[in-house]
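The shown structure was predicted, so the numbers you read here are calculated from the model rather than taken from an experiment.
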Amino acid sequence: SLLRDALESAKAASEAKSDFLSRVSHDIRTPLNAIIGMSLLGQMRIDDLAEVKNCFEKIDQSSKYLLSLINDILCMSKIESGKIRLDIESFKLEELFGGLWQIIETQVADKNITYRCTGLENVCDSYGGDVTKIHQILLNLLTNAVKFTPRGGKVTMKLSEKQTSPEHIHLRCIISDNGIGMKKDFLSRVFLPFEQETAEIAQHFGGTGLGLAITHNLVNLMGGNIDVQSEEGKGSTFTIDLPFGISKDSAKHSESLLELRALVIDDDKDTCEHACVLLDQLGQKTEYALSGKEGIEKIKQAMQDNDPFDICFLDWKMPEMDGIELCDRLKNNLATSHIPVI
């Protein structure tokens, strides 16, 4: 029985690697052919600056795609040979997430995806760990979420932490999307190298099938855990728990400011709740409204209760009554003209 299982396992691994070699040879040839073709076309039309520029842009895109494929293959090779090591250093969490956003910003904008990162204000400012590998882990998961989420979809990242000792802390990162999701039977194989759910998905979305395997191995190398929940057609949620050292440079949370009564008005409930969390931590008493009309009613009610709002935070784009119209109404009313509006 053990021998049969071992043979089946070896056969499955061999088939996966054969499928991978077939796919990756095609994926490598495609950008190479584009680079060669665009180089020849650019030389033939050297006097047409617009055409030459177009050729260079396509060469640049194809080169970056080819490099990402090769990097994945080399990274997996290093992991399997045990040659990859952790480089511990102090790093700023805010800078890390700022860098991630700069990379995915264009993809998010191109697909009109709503992206939110919440909880950054609730965690330490500085950590001790391998910033390059945590960057690679989160970037793999974020780019996957954006890639497999249709136009107009939503990707969120929620952060929290738990201190396990005076010197160590666990950072939890939950990355969710409402994209194509995965079938239940694929979830047991999702972190295996060379695996992609179907040939159609591999052909449509590209990639080597190594991204999640690399991510899984890096998380394990760092002593963390990764888990996935997914439903076909409804999206996926990846939860990563990573242990870090607490940097001596870690900034303390801000001291409370004056107790102000604030009203947040936005048609997105998640945005309202997140803004209220931030304001509460600054010592402000907060409420929210999901429309301009509801906001005006809350402002009037607060005045009648002799507990008026000291400040209002408005969303610019809202249905029915946008932030500009709402601001004009508040400023043109003597009873509310004194309330600062942001």
Side-chain angles (χ1 to χ4, degrees), residues 92-94 97-98 100-101 105 108-109 112-125 149 152-163 171-178 235 237 250-342:
K92 299 280 187 183
L93 207 62
E94 192 170 350
F97 284 99
L100 288 169
W101 168 243
E105 182 178 10
V108 167
N112 193 29
I113 286 174
T114 301
Y115 169 75
R116 287 194 178 86
C117 176
T118 61
L120 191 58
E121 70 284 348
N122 293 328
V123 299
C124 287
D125 179 55
T149 298
K154 187 175 182 180
V155 174
T156 61
M157 179 158 60
K158 296 181 180 179
L159 303 173
S160 60
E161 67 182 15
K162 180 181 179 182
Q163 191 161 348
L171 177 70
R172 169 166 287 190
C173 183
I174 302 174
I175 296 175
S176 302
D177 65 71
N178 61 349
T237 296
S250 184
K252 294 181 179 178
H253 295 308
S254 303
E255 294 295 327
S256 293
L257 300 177
L258 292 172
E259 274 205 358
L260 299 175
R261 187 153 144 74
L263 178 64
V264 177
I265 306 174
D266 194 307
D267 59 302
D268 185 89
K269 188 177 180 181
D270 288 342
T271 300
C272 286
E273 290 177 345
H274 183 223
C276 287
V277 168
L278 293 174
L279 294 168
D280 287 342
Q281 289 177 344
L282 294 174
Q284 300 186 21
K285 297 178 290 182
T286 59
E287 288 186 35
Y288 68 81
L290 297 175
S291 68
K293 182 181 178 181
E294 183 187 350
I296 289 174
E297 289 173 356
K298 286 205 168 193
I299 290 169
K300 288 180 178 178
Q301 186 61 48
M303 288 182 164
Q304 290 175 11
D305 296 342
N306 201 27
D307 189 16
F309 290 103
D310 299 295
I311 190 168
C312 284
F313 295 87
L314 312 183
D315 182 26
W316 172 25
K317 295 180 180 179
M318 293 187 290
E320 297 179 10
M321 186 191 306
D322 64 21
I324 295 172
E325 182 184 349
L326 177 55
C327 183
D328 287 341
R329 289 198 184 190
L330 294 176
K331 291 303 176 186
N332 291 329
N333 187 317
L334 286 175
T336 58
S337 61
H338 67 284
I339 301 175
V341 173
I342 297 176

Expected output: side-chain [X] to main-chain [Y] donor-acceptor under 3.5 Å:
{"X": "Arg261", "Y": "Asp307", "value": "yes"}
{"X": "Gln301", "Y": "Glu297", "value": "no"}
{"X": "Ser337", "Y": "Lys331", "value": "no"}

Heavy-atom closest pair, residues [X] and [Y]:
{"X": "Thr237", "Y": "Ser176", "value": "OG1-OG, 3.1 Å"}
{"X": "Ser160", "Y": "Leu171", "value": "O-CD1, 3.4 Å"}
{"X": "Ile265", "Y": "Gly295", "value": "CD1-CA, 3.8 Å"}
{"X": "Cys272", "Y": "Asp266", "value": "SG-O, 3.3 Å"}
{"X": "Cys117", "Y": "His274", "value": "O-CE1, 4.0 Å"}

Problem - Distance in Å, Ile299 CD1 paired with Phe309 CZ, rounded so as to fall on 0.5 Å steps - result: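 Nearest 0.5 Å value for the CD1-CZ distance: 7.0 Å.
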Fill in the blank from the handout: For residues 311-327, the salt bridge (Lys or Arg N to Asp or Glu O under 4.0 Å) pairs (sequence neighbours left out) are Glu325-Arg329
Handout entry: Residue pair Met303 / Thr336, side-chain heavy-atom distance below 4.5 Å
Key =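 The answer is yes, as the side chains (C-beta and beyond) meet within the 4.5 Å cut-off.
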Practice task
Could you list the residues that satisfy side-chain hydrogen bond (donor to acceptor under 3.5 Å, both in side chains) with Arg116, not counting sequence neighbours?
Solution key: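 Arg116 satisfies side-chain hydrogen bond (donor to acceptor under 3.5 Å, both in side chains) with Asp268, Thr271 only.
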Problem - Sidechain N-carboxylate O distance under 4.0 Å for Asp177, Lys154 - result: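 No salt bridge links Asp177 with Lys154.
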Exercise for the section: Using a strict cut-off of less than 4.0 Å between a Lys/Arg side-chain nitrogen and an Asp/Glu carboxylate oxygen, indicate whether Lys298 and Glu287 qualify as a salt bridge. Expected result: yes
Handout entry: Phe97: ring pair (Phe, Tyr, Trp, His ring centres under 6.0 Å) partners, not counting sequence neighbours
Key =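 Checked Phe97 against ring pair (Phe, Tyr, Trp, His ring centres under 6.0 Å); zero matches.
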